[in-house]
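To start, the structure under review is shown below, and the notes come after it.
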2 protein chains.
Amino acid sequence: MSITIKDVAKRAGVAPSTVSRVIADNPRISMETKKRVRKAMKDLGYHPNINARNLAVRSSQSIGVIMPSSADVALQNPFFPEVLRGIGSHLHEVEYSLYVSTGGNEETTFEEVQRMVNGNRVDGIILLYSRMNDPVQEFLMEKKFPFVIVGKPFENESEITYVDNNNVQASKDLTNHLIELGHQHIAFIGGSKELTVTSDRLHGYRSAIKEASLPLPDEYIIHTAFLKSGGREAVEKLFQLDTPPTGLVVADDLMTLGVMNALEELGINCPEDVSITSFNNLYLSEITTPALTTVDIQIYNLGVQSARCLLELTKNKDEPAKRIIIPYDIKYRKSTTPIN
Amino acid sequence: MSITIKDVAKRAGVAPSTVSRVIADNPRISMETKKRVRKAMKDLGYHPNINARNLAVRSSQSIGVIMPSSADVALQNPFFPEVLRGIGSHLHEVEYSLYVSTGGNEETTFEEVQRMVNGNRVDGIILLYSRMNDPVQEFLMEKKFPFVIVGKPFENESEITYVDNNNVQASKDLTNHLIELGHQHIAFIGGSKELTVTSDRLHGYRSAIKEASLPLPDEYIIHTAFLKSGGREAVEKLFQLDTPPTGLVVADDLMTLGVMNALEELGINCPEDVSITSFNNLYLSEITTPALTTVDIQIYNLGVQSARCLLELTKNKDEPAKRIIIPYDIKYRKSTTPIN
DNA sequence: TTGAAAGCGCTAACAA
DNA sequence: TTGTTAGCGCTTTCAA
């Protein structure tokens, strides 16, 4: 069939193990034989069989990435390709490969994780979401399988390596920005309560509001489904209140897009009637009208760092859990303005 | 280390080969021993080692998906997660896994493909883009490695299996829709000329315009970079012409988003001043204001079908090349209106 | 219907 | 510095 290490060995007049050593660039092989072997590899068009290698060394040189189950439209969020890009770029450097799960629902996703882990397909796993009572996370914990979370774990925080932003502070900053602009009535629109990212951002918003002694009616906090319906409902609810908000903290740019369009339909103008702040700095936050004031969370970098951490973990299973906080940067654009 | 087939064999009091046959659900094994073996597997928590299996059968039960090199912002297009979702759903059914390339540029992507193919990491490959002079495609052709394209190959069309929409006709329909609404000055905004998808859509636009004997000045055809800059430049160019268009055929919803916002800044209203038609039916096409008239190309289904075809190809290398055309469906919404 | 044994292609002691 | 050899865990003839 394919050209194996034996063929190369024969042609170079050495033992297979020598060829193996040349592949690994073992320093105790003379430069001369290395050259000869490499030439033989070239001549024959040799490429190592990864499965055989993996079997022998009991690793796979690849890692798995788990997305939120794709039933969720959230998957259409450009966040995901962007972190993947970051993860991929780092993996590529170290010649690792990338498996992704794209299970349709929680169950199939879980099955895929099990296949990855139990079948030795991957050396480690990156979770691109974090929420409470996640069977996947529990499974990995219990198996003591190397994994890192992009985001913050809901529990066992000290035992899990994760990379995240300081979402609480970022959200607080955003809210304070609105407060400094004179806004007194500020509402929060977030995603599912189960997600840590939502609860952190809510938390930051809350504490800023409290510190400024501003009103914080329950109706100002909306947890909503993603996108169209979500944005619309949220807007409808908020703007039929007796005192509708003049400032908004929205947990995701994509949601904001929905919110803005719902507002427009109601004839409410941004930023004249309502100032909007948002999260993620997706490219689309620059092309909306007005351009969004949003938190750049460095999605790409979140990806890179998570890959880096995971690789460390796989090299050394006893590596202590750590937490990497990626700095954020608020992009002040046109969607916020002082209250008049 | 891990529990192997031998452990199971021992516990069940059979030979390893028998266990293997039970795993494969070989019909010549008595129901009784099957039961016994399965119980042993459960008791021990056995999971087959995929690398060993792959080595023995010389396959990998996984396929690779190649994205356009991610230097391109295009990657932020929700098209990709969506088609991945389709691919993943089918693969999951047949217990295959999914590798993705996320090379940063053309070169690293090419390297990754080589690693996938030469290292026997994957049994087949899906290309999520198609453009002229693509080294990846040439490499796969030459190696006779099973692959399918989502989109249409630029050359060797009859030798390559691909799944696509009838983009020419769809674009023609879109253009005709504008023509029927009374528009006489219709422009086309597309992406890179190198991409088949762009050239097909341009082609359809062209032929509709010609058949209606409408003017087709060169300035009405814009090839632009993606997104913000692209959309803006395109709009600026078009709307400083002596006779600016009143109708637009844009090759992608995301571009359209950029276009719409650029228009808004110039004080040009959609659909009053200009009717816009677009492609892909991304969820965001519903939440823009106005909602977009756009072609639903069934992204998810493109993914499913491409996976299905690829698996057939891997089973049978001599499977003749085929072409799957996924029907499209134009969603008529609010971004188009009769000319007044 | 089942078992024994060889082999998939590679790595890693252990020798030399 | 290099070769010999024994696996890694599974599948698959060939025999029984």
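Heavy-atom basis, side chains included; hydrogens, waters and symmetry copies ignored. Below, chain A is the first sequence line, B the second, and so on; all start at residue 1.
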What is the separation between atom [atom1] on [X] and atom [atom2] on [N], rounded to the nearest whole Å?
| X | N | atom1 | atom2 | answer |
| --- | --- | --- | --- | --- |
| B/Asn49 | D/dC10 | CG | C1' | 8 Å |
| B/Asn54 | D/dG9 | CG | P | 15 Å |
| A/Ile50 | C/dT11 | CD1 | P | 10 Å |
| B/Asn51 | C/dC8 | CG | P | 17 Å |
| B/Asp25 | D/dC10 | CG | P | 17 Å |

Q. Of all residues at least two apart in sequence or in a different chain, which pass the side chain to side chain contact (heavy atoms under 4.5 Å, CB included) check with A/Arg115?
A. A/Glu112, B/His92, B/Glu95, B/Ser97
Q. Given that both pair distances must be under 3.5 Å and the pair must be Watson-Crick or G-U, what runs of three or more consecutive pairs involve DNA chain D?
A. C:1-16 with D:1-16
Among the nucleotides [options], which one has an atom lying closest to any side-chain atom of [X]?
| X | options | value |
| --- | --- | --- |
| A/Ala52 | C/dC8, D/dC8, C/dC10 | C/dC10 |
| B/Val57 | D/dT11, D/dG9, D/dT13 | D/dT11 |
| B/Ser20 | D/dT4, D/dT12, C/dG7 | D/dT12 |

Q) For DNA chain D, whose closest nucleotide is more 5', that of A/Arg21 or that of B/Arg53? A) A/Arg21
Q. Of all residues at least two apart in sequence or in a different chain, which pass the side-chain hydrogen bond (donor to acceptor under 3.5 Å, both in side chains) check with A/Glu107?
A. none
Q: Could you list by number each residue of residues 4-19 of chain B showing a heavy-atom separation from DNA chain D of less than 4.0 Å, or answer none if no residue does?
A: B/Thr4, B/Ile5, B/Ser17
Q) Going by heavy atoms closer than 4.0 Å, what residues in residues 26-48 of chain A are next to DNA chain D? A) A/Arg28, A/Ile29, A/Ser30, A/Thr33
Determine whether the side chains of [X] and [Y] contain a donor N or O and an acceptor N or O closer than 3.5 Å.
| X | Y | result |
| --- | --- | --- |
| B/Ser60 | B/Asp123 | yes |
| B/Ser89 | B/Tyr300 | yes |
| B/Thr196 | B/Ser130 | yes |
| A/Thr33 | A/Ser30 | yes |

Q | Test: A/Arg131 and A/Asp134 ion pair at under 4.0 Å | A | yes
Q.
Less than 4.0 angstrom from a charged side-chain N to a carboxylate O is my criterion; do B/Asp7 and B/Arg11 meet it?
A. no
Q | Sequence neighbours excluded, every pair satisfying salt bridge (charged side-chain N to carboxylate O under 4.0 Å, His left out) that has a member inside residues 18-32 of chain B | A | B/Asp25-B/Lys34, B/Asp25-B/Arg38
Q.
If you count heavy atoms of other groups shown closer than 6.0 angstrom to NZ of B/Lys315, is the number above 12?
A. yes
Q: Can you label the angle between the A/Tyr99 ring and the B/Tyr99 ring as parallel, tilted or perpendicular, going by 30° and 60°?
A: parallel
